[in-house]
Amino acid sequence: MPAIAVHHDQIADLFRNHQGAIVNFLLSRVNCPDTAQDLSQETYLRLLRQDSLAHTDNLTGYLYRTAERLSIDFIRRHQRTAAQAQALDEDLPCPNIQPEQFAILRQQCEHLLQAIATLPSQCRHILLLRKIDEMSYAEIAGQLGISEKTVQRQLVKAMLHCHQVLQAQSR
């Protein structure tokens, strides 16, 4: 089929008449409104850059074919970029807790639980109300019928005891 010169006015009219349909066509392929708009503009520019077209009998089909090829190129580029971004870097540490770290944490938790268990009853109760139930000093004092100052002293005593036990275990 011989190539025939197509005027820029013909291409502009073609694009104006089919722009919405081309954008919708591209949107169904690339799932991004901005990319669909960009690709529709690129389709128009590709047609304008050509001095002559072999498909003057079906310019609309040629327009859609050009848009389709541009969308395929975009998807392939996007997939290559995504695959390269997901390439595994062997030097990256594993984000999961490693077995050694897990064992250390478990041991620290056991020591902390033992330290809490050895606290006097009221001291342990205050620590648990404050740290587990997240109650304020005033709420704890009201519930136990003691002063806020006593709550503070007992809490400091409990935390120091736990700290000392953990320090002794880590040696």
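The first residue of the sequence shown is numbered 1, and numbering continues consecutively from there.
- A 4.5 Å side-chain heavy-atom check between H111 and C162 finds every atom pair outside the cut-off.
- For the pair F74/R29, no side-chain contact is recorded, criterion being any heavy-atom separation below 4.5 Å from C-beta on.
- In this structure, Y137 and K149 have side chains that are not in contact, with every pair of non-hydrogen atoms separated by 4.5 Å or more.
- Follow the hydrophobic side-chain contacts under 4.5 Å out from L27 and you never reach I75; the two are in separate clusters.
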Considering only distance and modelled atom types, tabulate donor-acceptor pairs under 3.5 Å from the side chains of residues 35-48, sequence neighbours left out.
| from | atom 1 | to | atom 2 | distance (Å) |
| --- | --- | --- | --- | --- |
| S40 | OG | Q37 | O | 2.7 |
| E42 | OE2 | R49 | NH1 | 3.4 |
| T43 | OG1 | L39 | O | 2.8 |

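- In this structure, CZ on R65 lies 15.0 Å from CG on L59, to the nearest 0.5 angstrom.
- Atom CG in L113 sits 12.0 Å away from atom CD in Q108 (nearest 0.5 Å).
- Under the 4.5 Å side-chain heavy-atom criterion for grouping Ile, Leu, Val, Met, Phe, Trp and Tyr, I126 is connected to L112 within one hydrophobic cluster.
- Using a 4.5 Å heavy-atom threshold, the side chains of R106 and F102 count as touching.
- The CD1 atom of I22 sits 10.0 Å away from the CG atom of L70 when rounded to the nearest 0.5 Å.
- If you take CG on L166 and CD on Q114, they are separated by 10.0 Å, rounding to the nearest 0.5 Å.
- Hydrophobic clustering keeps V165 apart from L128 (ILVMFWY residues linked when any side-chain heavy atoms are closer than 4.5 Å, directly or through intermediates).
- Across all their heavy atoms, S136 and R130 have their closest contact at CA-NH1, 3.7 Å.
- Residues L26 and S71 come closest through the heavy atom pair CD2-CB, 3.7 Å.
- In this structure, L119 is a member of the same hydrophobic cluster as L155, with clusters built from ILVMFWY side-chain heavy atoms closer than 4.5 Å.
- Atom CD1 of I146 is separated from atom CD of Q152 by 10.5 Å, given to the nearest 0.5 angstrom.
- Rounding to the nearest 0.5 Å gives a distance of 11.5 Å between CZ of R153 and SG of C123.
- Across all non-hydrogen atoms, the minimal contact from R124 to A117 is NH1-O, 3.2 Å.
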If you apply the rule side-chain contact (heavy atoms from CB on, under 4.5 Å), what do you find for D133 with E139, and how did you get there?
CA-CA 11 Å; D133 295 335; E139 291 171 330; over 6 Å; no
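- Under the 4.5 Å side-chain criterion, counting only non-hydrogen atoms from C-beta, M135 is in contact with Q143.
- Within the 4.5 Å cutoff, side-chain heavy atoms of Q167 are placed close to those of H163.
- A continuous path of ILVMFWY side-chain contacts below 4.5 Å connects V151 to M159, so both sit in one hydrophobic cluster.
- Heavy-atom minimum distance, P120 versus K157: CG-NZ, 4.2 Å.
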